[in-house]
Amino acid sequence: QGYHQISHGEKLKDVAHECWSRNSHQLVAIGVNCLNPKYVTSLLSDVNEEGRPHIPLIVYPNSGEVYSPKTGWTDPDNVPSVDSYVEEWLSLGVEYVGGCCRTNAKDISRMRAHVDRWLKEGTFTGPMGIISTNSSCNTNSVGCH
């Protein structure tokens with residue numbers, strides 16, 4: 001099943017285009033932050049559909065682990081590595097990628113390797129290449145430029 005709506009119920013593509021049409025001169029990109037990486041593709045897949053203005057996309061997912069108030073973060077070893085999604089996101093036109101809660105320097109390094117490989121192959125023509133983490137969510141993160 002695809003996820004195309006934000007928590008308030010609107011389709012992300014509609015919100016993205018409304019924000020972009022009102023403020024494109026003030027925005028660098030539109031995207032998602034601190035969500036399970038398995039939801040990113042379905043949320044962003046139709047933002048830049050044919051016939052609509054191109055919007056630069058940004059992705060800062062968490063590790064994909066589930067948080068329980070009683071036990072904390074669960075099953076850290078039973079989720080796909082965040083970097084396993086990066087090439088899929090790049091193929092959607094994501095231009096900025098990084099990590100949020102529970103991502104770490106190792107994750108970012110592996111993500112960076114995917115970006116570098118993607119750029120080296122010349123399959124992406126946008127201003128891609130910036131990769132960093134949101135240190136307000138995770139003090140173990142590092143940024144790579």
Worksheet entry | Test applied, side chain to side chain contact (heavy atoms under 4.5 Å, CB included); reference residue, C100; option that passes from P61, C34, S63 | C34
Worksheet item: Testing V28, V59, L57 for side chain to side chain contact (heavy atoms under 4.5 Å, CB included) with Y96, which one passes?
Response: V28
Discussion item. According to side-chain contact (heavy atoms from CB on, under 4.5 Å), who are the partners of L35, at least two apart in sequence or on a separate chain?
Written reply: V32, Y39, V40, L43
Worksheet item: Looking only at atom types and distance, does a side-chain atom of H4 sit under 3.5 Å from a main-chain N or O of S42, one as donor and one as acceptor?
Response: yes
Fill in: Contacts of type salt bridge (Lys or Arg N to Asp or Glu O under 4.0 Å), residue E87, not counting sequence neighbours
R117
Response to the item:
By salt bridge (Lys or Arg N to Asp or Glu O under 4.0 Å), E18 pairs with (sequence neighbours left out) R22
Discussion item. For S84, is there any backbone N or O sitting under 3.5 Å from a side-chain donor or acceptor partner on H114?
Written reply: no
Discussion item. With rounding to the nearest 0.5 angstrom, report the CG to CG distance, L92 to N48.
Written reply: 9.0 Å
Discussion item. Show me the pairs that pass salt bridge (charged side-chain N to carboxylate O under 4.0 Å, His left out) and involve residues 51-77, at least two apart or across chains.
Written reply: D14-R52, E49-R52, E65-R102
Worksheet entry | Non-neighbouring partners of H25 that pass side-chain contact (heavy atoms from CB on, under 4.5 Å), sequence neighbours left out | none
Practice prompt. Could you tell me the separation between the CG atom of N104 and the OG atom of S109, rounded to the nearest 0.5 Å?
Written response: 10.0 Å
Item to complete: Name all residues meeting the side-chain contact (heavy atoms from CB on, under 4.5 Å) criterion together with S81; count only those two or more places apart in sequence or in a different chain, and write none if there are none.
Response: D83, D107, R110
Worksheet item: Listed by chain and number, what are the side-chain contact (heavy atoms from CB on, under 4.5 Å) partners of I30, not counting sequence neighbours?
Response: A16, C19, W20, L27, I55
Worksheet item: Got a sec, which residues hit salt bridge (Lys or Arg N to Asp or Glu O under 4.0 Å) with E50, two or more places apart in sequence or on another chain?
Response: none
Worksheet item: Who are the side-chain hydrogen bond (donor to acceptor under 3.5 Å, both in side chains) partners of E88, not counting sequence neighbours?
Response: T41
Worksheet item: So which residues get pulled into Y67's cluster when ILVMFWY side chains under 4.5 Å apart are joined, directly or through others?
Response: W73
Fill in: Residues which pass side-chain hydrogen bond (donor to acceptor under 3.5 Å, both in side chains) with T71, listed by chain and number, not counting sequence neighbours
S68
Fill in: V86 side chain near W118 side chain, heavy-atom distance below 4.5 Å
no
Worksheet item: Is there a donor-acceptor contact under 3.5 Å from the side chain of S21 to the main chain of H17?
Response: yes
Worksheet item: Going by heavy atoms in the side chains, are V94 and P56 under 4.5 Å from each other?
Response: no
Fill in: salt bridge (charged side-chain N to carboxylate O under 4.0 Å, His left out): pairs with one or both residues in residues 29-44, sequence neighbours excluded
none
Fill in: From CG (N33) to CD1 (I58), nearest 0.5 Å
8.0 Å
